[in-house]
Amino acid sequence: SNVYDFIEDTQRRVWIATMGGGLQYFDLNSGRIHICSDINLLVNNWIGSIYYSKINNSLYLGTYEGLWRIGLSDFGNDNEQVLSQSIIYDIHQDADGVIWAATSEGLVRWEQSNENLGANDIILLTQGQGLPSNICYSLESDDLEQIWVSTGNGLSRINRKSFLIT
């Protein structure tokens, strides 16, 4: 399987996102690799991006069929699909704990403060709001409350609070 992304959690596990092989992790303590069969039955095996949140001890998996949150405190039993029907290219968490996803349909902002996902928790920014392209590839934030996003037609920055795109 092709490895597309990886990240280490606080338990010294390196989580591996693969294209075709699903989710795996390498335990740095034991030196062993583990294939997450139960998660791979649930989540699309084509995982292109992965992000670990220390805030809620969760993995965020970007797949060809959307964004998944996998809770590590109760691994295998605390999973939810946050977005469906979008290819997720990159995942980022800003200083306020908000999850941002670069997708095939635009830039998604997901406010996690509400345990029950509702329509007001997700905001999709597209060309209609000023992005140069709906295809967003990569994300990064800076110290000035800006999210930087690379798109299919250039680089943009978005104010995290006002959503002003420049």
Side-chain angles (χ1 to χ4, degrees), residues 1-118 121-125 135-143 147-152 158 160:
S1 297
N2 293 327
V3 173
Y4 268 58
D5 204 358
F6 59 94
I7 195 161
E8 184 178 351
D9 69 13
T10 57
Q11 302 298 311
R12 295 186 31 88
R13 296 174 291 197
V14 177
W15 294 91
I16 305 165
T18 73
M19 287 296 203
L23 181 65
Q24 303 173 16
Y25 71 89
F26 181 75
D27 188 325
L28 293 170
N29 297 311
S30 69
R32 301 185 72 178
I33 194 158
H34 302 269
I35 298 172
C36 304
S37 301
D38 291 344
I39 298 298
N40 291 337
L41 291 174
L42 176 69
V43 175
N44 183 301
N45 280 340
W46 295 87
I47 303 171
S49 58
I50 190 167
Y51 182 83
Y52 172 69
S53 172
K54 293 179 185 177
I55 294 171
N56 62 1
N57 194 32
S58 291
L59 290 176
Y60 291 87
L61 308 178
T63 75
Y64 273 32
E65 294 178 352
L67 177 66
W68 286 82
R69 185 191 62 77
I70 309 297
L72 296 181
S73 297
D74 190 12
F75 187 68
N77 297 312
D78 180 20
N79 313 311
E80 68 178 311
Q81 188 170 23
V82 178
L83 295 172
S84 62
Q85 302 175 342
S86 292
I87 299 171
I88 309 298
Y89 294 110
D90 196 13
I91 307 161
H92 180 75
Q93 189 170 40
D94 68 24
D96 295 329
V98 174
I99 294 290
W100 296 80
T103 81
S104 57
E105 297 177 18
L107 179 63
V108 172
R109 178 190 185 275
W110 177 42
E111 179 70 51
Q112 303 178 85
S113 61
N114 185 353
E115 287 294 321
N116 298 316
L117 187 63
D121 298 319
I122 294 178
I123 296 171
L124 176 64
L125 300 172
I135 300 173
C136 298
Y137 294 113
S138 185
L139 300 166
E140 195 60 52
S141 60
D142 64 22
D143 295 335
I147 296 289
W148 292 82
V149 58
S150 66
T151 74
I158 297 100
R160 293 184 322 182

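Numbers for residues simply follow the sequence, beginning at 1. Since the model is a prediction, treat every value here as computed from it, not as a measurement.
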Counting only heavy atoms from other residues, nucleotides and ligands, does the tally under 6.0 Å from CD1 of Ile35 exceed 12? no
Within the 4.5 Å heavy-atom criterion, are Glu8 and Leu28 side-chain neighbours or not? yes
Residues passing the side-chain hydrogen bond (donor to acceptor under 3.5 Å, both in side chains) test with Asp74, sequence neighbours excluded, are Asn77
Identify the residue among Tyr25, Tyr52, Phe26 that makes a ring pair (Phe, Tyr, Trp, His ring centres under 6.0 Å) with Trp15. Tyr25
Test Ile39 against every option in Asn79, Leu59, Ile47 by the side-chain contact (heavy atoms from CB on, under 4.5 Å) rule and name the one that passes. Asn79
Mind checking side-chain contact (heavy atoms from CB on, under 4.5 Å) for Tyr4 and listing every partner two or more places apart, or none if nothing turns up? Asn2, Met19
Flag, side chain of Ser53 to backbone of Asn57, donor-acceptor distance under 3.5 Å: no
Under the side-chain contact (heavy atoms from CB on, under 4.5 Å) rule, what do Leu67 and Thr103 come out as? Steps first, then yes or no, please. CA-CA 9 Å; Leu67 177 66; Thr103 81; over 6 Å; no
Distance-only donor-acceptor check, side chains Ser141 and Asp94, under 3.5 Å: no
When you measure from the side chain of Asn44 to the backbone N and O of Tyr64, does any donor-acceptor pair fall under 3.5 Å? no
If you compare all heavy atoms of Gly66 against all heavy atoms of Gln81, which two are closest, and at what distance to 0.1 Å? CA-NE2, 4.3 Å
For Asn29, side-chain hydrogen bond (donor to acceptor under 3.5 Å, both in side chains) partners two or more places apart: Arg12
Heavy-atom closest pair (Gly62 atom, Ile91 atom, distance to 0.1 Å) is N-CD1, 3.4 Å
Looking at Gly48 and Asp5, what are the two nearest heavy atoms and their distance? O-CB, 3.9 Å
Quick check: are there more than 12 heavy atoms from other residues, nucleotides or ligands sitting under 6.0 Å from CG of Asp27? yes
Would you say Gln93's side chain and Tyr51's backbone share a donor-acceptor pair under 3.5 angstrom? no
Would you please name every residue forming a salt bridge (charged side-chain N to carboxylate O under 4.0 Å, His left out) with Asp78, sequence neighbours left out? Arg69
CH2 of Trp110 to CG of Leu83: how many Å apart, nearest 0.5 Å? 8.5 Å
Might you point out which heavy atoms bring Glu140 and His92 nearest each other, and give the distance in Å? OE2-CE1, 4.0 Å
The criterion is salt bridge (charged side-chain N to carboxylate O under 4.0 Å, His left out); which residues satisfy it with Asp9, sequence neighbours excluded? Arg13
On a heavy-atom basis, the closest approach of Cys136 and Gly106 is SG-C, 3.6 Å
Mind checking what makes ring-ring contact (aromatic ring centres under 6.0 Å, His included) contact with Tyr89, not counting sequence neighbours? Tyr137
